[in-house]
Amino acid sequence: MADKTVGFVHSIESFGSLDGPGIRFVVFMQGCRMRCEFCHNPDTWNMGGGTPYTPEEMLEKALDYREYWGEEGGITVSGGEPLLHIDFLIEFFKLAKAEGIHMSLDTCGQPFTYDEPFFSRFKELMQYTDLVLMDIKHIDNEIHKKYTMHPNTAILDMARYLSEINVPMWLRHVLVPERSDYDEHLEKLSDFIDQLDSVEKVEVLPYHKLGVYKYEELGIPYKLEEIDPPTAERVANANRILKTHKYQSS
């Protein structure tokens, strides 16, 4: 594979139902620069792991499941952070679009930059992308840096750019008590989303502890051990402030 484009894949889900419209073939790429305290997949962080695939190999694997997708489904590439494998994504998405497949990108947006060569590659990728699913971890930059180890400037820039070029977006916000569950920050996030023109869906994702065992297995300290998931009332409050009812995409 030395002369071929290769992406390193953490895992594959054949029948995803939470990663875009319809039933999805979901590819989880290996590697992420963010270190979110509430990440439930720390096993995807290491850039040195994963199984190598060429775009052709991955498409061949995905097409085995095409009959289950129906008219709404397709392929979603997630992570880790898939944009760290942007050359692989461009070729994979281009091949899949030639087959008439609906392609979704699930990203945190952190690698985004207007600098070259990334920006030209990103623009090319968007030509073959039907939907971007994007997490906005925290609207306050200083708090974002504290809990993810990175600023949110590139993330917000990417959301604005996707709005400018009219790429459909589903935006998600993980609601974490004592971290992101404050009305002041939720209202600022709502104001930011209101400035975007291509948002089709906004989702509140309640923090959970389903991935804690992975931290134990990897020997990584889990910093939110004492924090419980948000109450139903706080989740409803976040949905109200973020006006999730406005968005009817499914």
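Residue numbers run from 1 in the order of the sequence given.
Partners of Glu116 by salt bridge (charged side-chain N to carboxylate O under 4.0 Å, His left out), not counting sequence neighbours: none found. For Leu63, the side-chain contact (heavy atoms from CB on, under 4.5 Å) partners at least two apart in sequence or on another chain are Leu59, Arg66, Ile101. For Asp197, there are no side-chain hydrogen bond (donor to acceptor under 3.5 Å, both in side chains) partners at least two apart in sequence or on another chain. In this structure, Glu71 has no side-chain contact (heavy atoms from CB on, under 4.5 Å) partners at least two apart in sequence or on a different chain. With sequence neighbours excluded, no residue satisfies salt bridge (charged side-chain N to carboxylate O under 4.0 Å, His left out) with Lys123. Glu81 meets the side-chain contact (heavy atoms from CB on, under 4.5 Å) test with Cys32, Leu83, Leu84, Thr107, Cys108, Pro111; sequence neighbours excluded. Applying the side-chain contact (heavy atoms from CB on, under 4.5 Å) criterion to Lys214, with sequence neighbours excluded, gives Asn41, Pro42, Asp43.
Inter-residue side-chain proximity for Tyr247 and Leu242 is flagged as unmet; no heavy-atom pair is nearer than 4.5 Å. Between Leu171 and Lys201, the closest side-chain pair of non-hydrogen atoms is not below 4.5 Å. Two residues are said to be in side-chain contact when any heavy atoms from C-beta on lie closer than 4.5 Å; Glu124 and Leu89 fail this criterion. The closest side-chain heavy-atom distance from Met58 to Thr54 is not below 4.5 Å. Taking the side chain as every heavy atom from C-beta outward, Val77 and Phe25 never approach each other to under 4.5 Å. Residues Arg33 and His150 meet the side-chain proximity criterion, which asks for heavy atoms closer than 4.5 Å. In this structure the side chain of Asn141 never reaches within 4.5 angstrom of the side chain of Leu156, judged on heavy atoms. Between Thr129 and Met126 the shortest side-chain heavy-atom distance falls below 4.5 Å.
Of the inter-residue distances, the one linking His173 atom NE2 with Leu205 atom CG reads 9.5 Å to the nearest 0.5 angstrom. A distance of 11.5 Å separates OG in Ser78 from CZ in Arg24, rounded to the nearest 0.5 Å.
The pair Lys145-Glu142 counts as a salt bridge, with a side-chain nitrogen and a carboxylate oxygen less than 4.0 angstrom apart. We find that Arg234 and Asp183 are joined by a salt bridge, their nearest charged nitrogen and carboxylate oxygen being less than 4.0 Å apart.
A distance-only check finds a donor-acceptor pair linking the side chain of Ser190 to the backbone of Ile241 [under 3.5 Å]. Glu60 places no side-chain N or O within 3.5 Å of a backbone atom of Glu57 that could act as its donor or acceptor partner. Distance alone, capped at 3.5 Å, is enough to place a donor-acceptor pair between the Gln30 side chain and the Asn46 backbone. Looking at Asp130, its side chain does come within 3.5 Å of a backbone N or O of Met103 through a donor-acceptor pair. For the pair Asn239 (side chain) and Val235 (backbone), a donor-acceptor distance under 3.5 Å is present. Between the Ser180 side chain and the Val176 main chain, a donor and an acceptor come within less than 3.5 Å of each other. A distance-only check finds a donor-acceptor pair linking the side chain of Thr44 to the backbone of Gly80 [under 3.5 Å].
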For side-chain contact (heavy atoms from CB on, under 4.5 Å), just list the numbers for Phe28 and Ile12, CA-CA rounded to whole Å, side-chain angles, deciding distance to a tenth of an Å, and then say yes or no. CA-CA 6 Å; Phe28 297 93; Ile12 293 168; over 6 Å; no

Check against side-chain hydrogen bond (donor to acceptor under 3.5 Å, both in side chains), Asp106 and Thr76: CA-CA 7 Å; Asp106 186 352; Thr76 298; over 6 Å; no

Applying side-chain contact (heavy atoms from CB on, under 4.5 Å) to Tyr215 and Cys39, what does each step give before you reach the verdict? CA-CA 10 Å; Tyr215 286 80; Cys39 179; 3.7 Å; yes

As a quick check of understanding, evaluate side-chain hydrogen bond (donor to acceptor under 3.5 Å, both in side chains) for Glu91 and Thr5, giving each step before the final call. CA-CA 8 Å; Glu91 291 192 28; Thr5 300; 2.6 Å; yes

Could you walk me through whether Val199 and Val202 pass side-chain contact (heavy atoms from CB on, under 4.5 Å), step by step? CA-CA 7 Å; Val199 177; Val202 176; 3.7 Å; yes

After noting the C-alpha distance and the side-chain angles of Leu125 and Leu105, does the key distance pass the side-chain contact (heavy atoms from CB on, under 4.5 Å) rule? CA-CA 10 Å; Leu125 176 62; Leu105 175 69; 4.2 Å; yes

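Atom NZ of Lys61 sits in a sparse spot, with 12 or fewer heavy atoms from other residues, nucleotides or ligands closer than 6.0 Å. Within 6.0 Å of the CD atom in Gln127, the count of heavy atoms belonging to other residues, nucleotides or ligands exceeds 12. Heavy atoms from other residues, nucleotides or ligands lying under 6.0 Å from CZ of Phe119 number more than 12.
When all heavy atoms are compared, the tightest approach of Phe8 to Met29 is O-CE, 3.5 Å. Shown here for Ile90 and Tyr128, the closest heavy-atom pair between the two residues is O-CD1, 4.2 Å.
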Donor-acceptor pairs under 3.5 angstrom involving side-chain atoms of residues 15-22: please list them, not counting sequence neighbours.
none

Name each donor-acceptor pair under 3.5 Å that joins a side chain in residues 132-139 to protein atoms two or more places apart or in another chain, with its distance.
unit_1, atom_1, unit_2, atom_2, d
Asp135, OD1, Arg172, NE, 3.1
Asp135, OD1, Arg172, NH2, 3.3
Asp135, OD2, Lys137, NZ, 3.2
His138, ND1, Asp140, N, 3.1
His138, NE2, Arg179, O, 3.1

Which pairs would a plain distance check flag for residues 221-230, meaning a side-chain donor or acceptor within less than 3.5 Å of a matching protein atom at least two apart in sequence or in another chain?
unit_1, atom_1, unit_2, atom_2, d
Tyr222, OH, Tyr207, OH, 2.7

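The aromatic rings of His185 and Tyr182 lie perpendicular to each other, with more than 60° between the two planes, well past the 30° mark.
Within the structure, every pair that satisfies the ring-ring contact (aromatic ring centres under 6.0 Å, His included) test and touches residues 78-109, not counting sequence neighbours, is listed here: Phe88-Phe92. Applying the side-chain hydrogen bond (donor to acceptor under 3.5 Å, both in side chains) rule to pairs touching residues 152-168 yields Asp157-Arg160, sequence neighbours excluded.
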